[in-house]
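Both counts, for ligands and for their atoms, begin at 1 and track the order of listing. Just so you know, residue 1 is the first one in the sequence shown, and it goes up from there. Predicted, not measured: the structure shown is a model, and the values here were computed from it.
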Amino acid sequence: MKLHFLGANRQVTGSRYCLEVSGKRVMVDCGMFQERKYQPRNWDLSPIPPATIDAMLLTHVHIDHCGLIPKLVKDGFEAPIYATEPSVGLVDIMLRDAAEIQEEDIGYKLKRHRREGRKSPFPYQPLFNVPDAEQALPMFQPCKYGQPIQVTPEVTARFFDAGHILGSAMIEVEAKENGRTIRIAFSGDIGQPNKPIIRDPSLMADADYIVMESTYGDRNHQHPGDTETQLAAAVNDAVSRGGNVIIPTFAVERAQELIYHFGRLVRSGRIPQLPIYLDSPMAVDVTAIYLKYHDYCDEALLKMIQDQQAPFRYPNLKLVRTADDSKQINHVPPSAVIMASSGMCNAGRIKHHLKNNIEKHEATILFVGHQGEGTLGRQIVDGQTRVRIHGGEFQVRAKISQIYGFSGHADHDGLMTWISHFKRAPRRVFLTHGEEAVALKLAAEISQKLSYDAYVPQYQEVVELS
Ligand SMILES: [Zn+2]
């Protein structure tokens with residue numbers, strides 16, 4: 001039995017694994033590489049020939065976990081993809097949007113390169129387009145948490161709530177080979193406890209091998225219980241300086257969480273009655289899926305719905321779909337809160353809002369999520385004074401703020417709690433989905449404190465499971 005590590009190895013994005021058991025191949029996730037440095041890998045042919053894959057298990061619908069599925073399908077993959085019910089609802093929106101963003105970005109790139117007389121080493125075409133994304137959709141098989149799934153005759157899987165975004169899962173895989181059963185726990189992205197909207201992450205107790213994320217393996221979130229206060233402070237500060245608050249956000253989970261918090265802050269008078277824009281047709285559609293699958297939400301949200309309170313609707317909130325309405329936001333007098341995707345600023349409408357605000361002293365760029373190495377968001381967070389957006393140079397004069405407690409990822413203590421819950425020592429813990437130094441540090445700590453064999457695999461490393 002072999003496990004291939006095909007992404008998010010010593011870096012954060014592009015989650016992808018392939019389990020080879022009894023002549024069958026089961027892929028777990030098929031994510032897009034988002035750090036600039038690793039983006040060329042998106043163009044490579046899948047290291048496992050797509051037509052030879054027998055099934056896929058999807059932990060959740062973030063693009064760094066599912067974004068290469070349409071390309072895989074285009075290249076010959078044709079097999080069931082198992083995912084939770086909300087994930088199947090959301091993946092449709094995510095993949096269409098990813099295709100549209102790429103088509104748009106290629107247009108900009110082509111124009112810019114012509115103007116500057118440059119040539120890209122990659123083809124001037126999107127990795128996949130909307131019809132490619134649509135071709136992948138019928139392959140998804142909706143599953144419920146806890147339900148055993150017969151993936152191949154030798155492999156069964158069960159999903160558990162990962163508490164990261166709606167429908168996110170940890171996956172327990174049981175694989176039989178030569179009369180032996182091996183249990184592998186894939187953590188997916190582990191959520192933070194006590195978050196609004198979604199339930200707390202599950203704890204798993206038994207596995208022979210553990211594949212675990214390590215995004216925040218070296219640090220704890222600041223004031224994780226107090227994000228609403230920090231959010232109010234950032235908005236009130238921007239209002240006093242007469243500027244806008246620009247929030248790059250993922251369209252899934254983070255956007256709904258922000259809407260939820262802003263609704264509470266406006267209703268309680270902790271921030272003034274300013275316009276709050278969600279400038280993302282995708283985030284608007286995603287919010288509808290959250291309402292459709294509210295059974296998967298936490299008790300507090302279910303109670304709000306029972307009490308006829310709309311967690312995601314209030315008068316200040318403007319849901320923006322069209323490009324024309326998005327452009328109108330440029331003319332709105334400050335202060336306004338403008339939320340747009342993508343969360344790491346490497347695509348989407350956020351780039352336009354950054355162009356319009358980043359050179360203004362009175363504006364605030366508020367980051368509410370992890371910024372991967374090499375992304376525009378990371379350059380801004382790291383204090384770069386000049387940045388390139390759509391080919392233009394911009395001076396960073398806006399106030400740059402960050403709220404860590406918003407993270408959808410467990411922090412260092414959360415990861416240690418999760419791994420400490422296993423009742424026996426696994427044969428090995430593989431740490432993925434973290435920057436190299438962070439993953440290595442967490443591996444050392446797990447080895448030292450729990451005496452587990454903890455290891456950080458390299459990209460395309462293949463390990464034998466026995
Ligand atoms: Zn994620």
K.L.:
To check your reading of the site, what angle at the Zn ion (ligand 1) do ND1 of H62 and OD2 of D189 form, to 10°?
P.N.:
170°

K.L.:
With respect to the Zn ion (ligand 1), what is the nearest N, O or S atom of H60?
P.N.:
NE2

K.L.:
Using a cut-off of strictly less than 2.8 Å, determine whether H164 has an N/O/S atom near the Zn ion (ligand 1).
P.N.:
yes

K.L.:
Taking the six-membered ring for Trp, are H370 and H409 ring centroids under 6.0 Å apart?
P.N.:
no

K.L.:
Test S87 against T84 for side chain to side chain donor-acceptor pair (under 3.5 Å), laying out the working first.
P.N.:
CA-CA 5 Å; S87 289; T84 65; 3.0 Å; yes

K.L.:
Is it true that H433 and D64 share a donor-acceptor pair across their side chains at a distance under 3.5 Å?
P.N.:
yes

K.L.:
Does R41 qualify as a cation-pi partner of F33, given the criterion of NZ or CZ under 6.0 Å from the six-membered ring centre and within 45 degrees of its axis?
P.N.:
yes

